[in-house]
Asker: 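Once you've had a glance at the structure underneath, I'll fire off some questions.
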Amino acid sequence: MSQPKTWSDRFESALHPAIARFNASIGFDIELIEYDLTGSIAHAKMLGHTGIIELQEVKQLIEGLEQIRREFRAGQFNPGVDAEDVHFAVERRLTELVGDAGKKLHTARSRNDQVGTDIRLYLRDKIEEIRGQLRQFQTVLLDLAHEHIETPIPGYTHLQRAQPLSLAHHLLAYFHMAQRDWERLGEIYARTNCSPLGSGALAGTTFPIDRHYSAEELGFSSIYANSLDGVSDRDFAIEFLCAASLIMVHLSRLSEETILWASKEFSFISLKDSCATGSSIMPQKKNPDVPELVRGKTGRVFGHLQALLVLMKGLPLAYNKDLQEDKEAIFDGVKTVRACVEAMTILLGEGIEFRCDRLNSAVNEDFSNATDVADYLAAKGVPFREAYNLVGKVVKTSLAAGKLLKDLTLEEWQQIHPAFEEDIYRAIAPQQVIAARNSYGGTGFDRVRQALEEAKALLQ
Ligand code: ARG
């Protein structure tokens, strides 16, 4: 199959069909079409505004571009490999629709500043969508935390029982990670919101364009000061994938915990049928596929970040075709993060139930109140390190005797140290152990109540 010729009359023959396929990005950059149309409309208006083309031609161009938008939305615009990319596909169709005016659209523009404009417009939208999703995720975390202020959960370091926590406190840790993600995306939005349009192929243009005009039309808050930088900068995309990777890190940690909690060994949560799956052979199984997939997809997003970093590192200025490879990384990064935030929001909102019975008995079955015994003595004037060593010995003998700290008699306590009194029992009860940690940022119930209010205020 021979291809129609795309290039100027410098070229005598069309591309080899396999090379045409290899070269084409239409298979994926069609994703940019709405932004390409919007960008072209702004460019056309600028050409009219500056008198570079006739206003009558601008009108024709806008009508043609809006017609293509309608055709695309109706599923009637499906360019093939012969169009090479979305930019050529649109220009070709435009010329079919409006004739010679269509051939003027590319005046004072290159596909290099055009594609840079398109991906910034695309990413701006997607960043806002993801920020909206993060807000929903945070709201679900807050709702869940509200229900579980006084629900205890074992707290771990090294995945060994450390000190018991308010479950709300544990959930709020994820709220704050998401808060940073939301803020970070806001900062990246600001740097993405800069217009390269008018940078031309690399050096600017001979036409009296007005870059501020087209930037304003597109809602950009600034324009690139240097045309070479304008066409070849992908920092914003790398920053986005970095932020996306961190979102995935946070979701993946929560996923890992959810998976552990759902295991028989922990049994801290049960999975609702709407968010769990079965096994094709083991009829008893209920699998946490949702958090497993989120954990698994995390690697993909890291991979896209790595791909873009490597893509950029050796590129000479300005545009190089390598840059066509940025798109699939960006698109898949966006899609993956969006899907994962949505799935985790549903999972937390309606897919799990905390097993308060299990959580309560878990915190009553361990030595995670040992620090509180040392704190008890330290508060009575025993130097902390001395108290720490003393309690270490108590834990050792209790373990050997198959006892917990709460099982020791008052005489036994007083043999360890005369400072122990009846109130030691209250001091080491899990609810008290949690309640007592009222330092700012701590897990004490009153502190957590306040933290919830502060978190709620962040969403306002
Ligand atoms: N499809 C190309 C890309 O995605 C558009 C820019 C092409 N520019 C060029 N000079 N060949 O990067």
Side-chain angles (χ1 to χ4, degrees), residues 3-11 14-16 18-40 42-43 65 68 72 77-94 105-126 192 195-205 214 218 224 226-238 240-241 304 307-335:
Q3 304 282 332
K5 203 155 62 75
T6 302
W7 311 108
S8 73
D9 290 337
R10 177 197 163 138
F11 286 77
L15 272 178
H16 185 289
I19 297 300
R21 282 195 298 278
F22 183 68
N23 201 41
S25 54
I26 188 68
F28 48 87
D29 66 14
I30 191 73
E31 179 95 28
L32 293 174
I33 186 162
E34 296 265 357
Y35 304 98
D36 196 69
L37 294 167
T38 302
S40 286
H43 178 66
L65 290 163
I68 297 172
F72 174 73
F77 183 66
N78 303 298
V81 161
D82 57 308
E84 185 179 325
D85 62 20
V86 67
H87 323 294
F88 272 142
V90 167
E91 192 179 323
R92 237 183 234 186
R93 179 70 186 134
L94 185 65
L105 176 66
H106 215 51
T107 313
R109 187 177 70 170
S110 152
R111 279 185 301 159
N112 300 349
D113 55 344
Q114 183 179 1
V115 70
T117 303
D118 291 3
I119 44 178
R120 283 169 183 82
L121 293 175
Y122 164 89
L123 212 47
R124 248 177 27 180
D125 258 18
K126 300 301 159 187
T192 303
S195 174
L197 194 56
S199 296
L202 76 166
T205 172
S214 52
L218 293 169
Y224 275 83
N226 180 293
S227 61
L228 291 168
D229 188 34
V231 290
S232 60
D233 172 34
R234 293 294 183 273
D235 290 358
F236 63 97
I238 291 174
F240 168 75
L241 284 174
H304 296 320
L308 266 205
L309 286 168
V310 176
L311 180 70
M312 297 305 293
K313 80 172 269 290
L315 278 193
L317 293 180
Y319 179 87
N320 299 270
K321 188 78 170 199
D322 313 44
L323 289 176
Q324 182 164 288
E325 289 290 308
D326 65 356
K327 278 159 217 67
E328 287 162 292
I330 297 171
F331 297 158
D332 190 71
V334 163
K335 269 177 221 160

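Whatever order the structure lists them in is the order used to number ligands and atoms, beginning at 1. By convention here, the first residue in the shown sequence is residue 1.
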Asker: Where on His87 is there a heavy atom closer than 4.0 Å to ligand 1, on the side chain, on the backbone, on both, or on neither?
Answerer: side chain
Asker: Side-chain donor-acceptor pair under 3.5 Å between Asp113 and Tyr224, yes or no?
Answerer: no
Asker: Tell me whether Lys321 has any N or O atom under 3.5 angstrom from an N or O of ligand 1.
Answerer: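 In fact, backbone or side chain, Lys321 has no N or O that close.
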Asker: Considering only the protein, which heavy-atom contact is closest to atom 5 (C) of ligand 1, and what is its distance?
Answerer: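 Of every protein heavy atom, Asp85 OD2, 3.5 Å lies nearest to atom 5 (C) of ligand 1.
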Asker: Can you pull out the closest protein heavy atom to atom 12 (O) of ligand 1? Residue, atom name and distance to 0.1 Å, please.
Answerer: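 Protein heavy atom at minimum distance: Tyr319 OH, 2.5 Å.
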Asker: Which ligand 1 atoms, with their elements, are less than 4.0 angstrom from a heavy-atom of Ser25?
Answerer: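 By the 4.0 Å cutoff, the relevant atoms are 1 (N).
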Asker: Has ligand 1 got any nitrogen or oxygen that is less than 3.5 angstrom from a nitrogen or oxygen of Lys327?
Answerer: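 Looking only at distances, the answer is yes, because the N/O contact criterion of under 3.5 Å is met.
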Asker: Quick one about Ser40 and Arg109 (side-chain donor to acceptor, distance below 3.5 Å, no hydrogens or angles considered), yes or no?
Answerer: yes
Asker: Consider ring pair (Phe, Tyr, Trp, His ring centres under 6.0 Å). Of Phe331, Phe240, Phe236, which one does Tyr122 pass it with?
Answerer: Phe331
Asker: Quick one: does any side-chain atom of Arg124 pair with a main-chain N or O of Arg120 as donor and acceptor, under 3.5 Å?
Answerer: no
Asker: Excluding sequence neighbours, so at least two apart, what forms side-chain hydrogen bond (donor to acceptor under 3.5 Å, both in side chains) with Arg234?
Answerer: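 So Arg234 forms a side-chain hydrogen bond (donor to acceptor under 3.5 Å, both in side chains) with Asp326.
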Asker: Under the 3.5 angstrom rule, does the side chain of Asp85 hit a backbone N or O of Phe88 as a donor-acceptor pair?
Answerer: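 Checked: pair present.
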Asker: Can you pull out the closest protein heavy atom to atom 10 (N) of ligand 1? Residue, atom name and distance to 0.1 Å, please.
Answerer: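 Atom 10 (N) of ligand 1 sits closest to the protein heavy atom Asn112 OD1, 3.0 Å.
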Asker: Just need the protein heavy atom nearest to atom 11 (N) of ligand 1, so name the residue and atom and give the distance.
Answerer: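 Ranked first by proximity to atom 11 (N) of ligand 1 is Arg111 NH2, 3.2 Å.
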Asker: Salt-bridged, Glu84 to Arg111, with N to O below 4.0 Å?
Answerer: yes
Asker: Distance to 0.1 Å, residue and atom name: give those for the protein heavy atom nearest to atom 1 (N) of ligand 1.
Answerer: Gln324 OE1, 2.8 Å
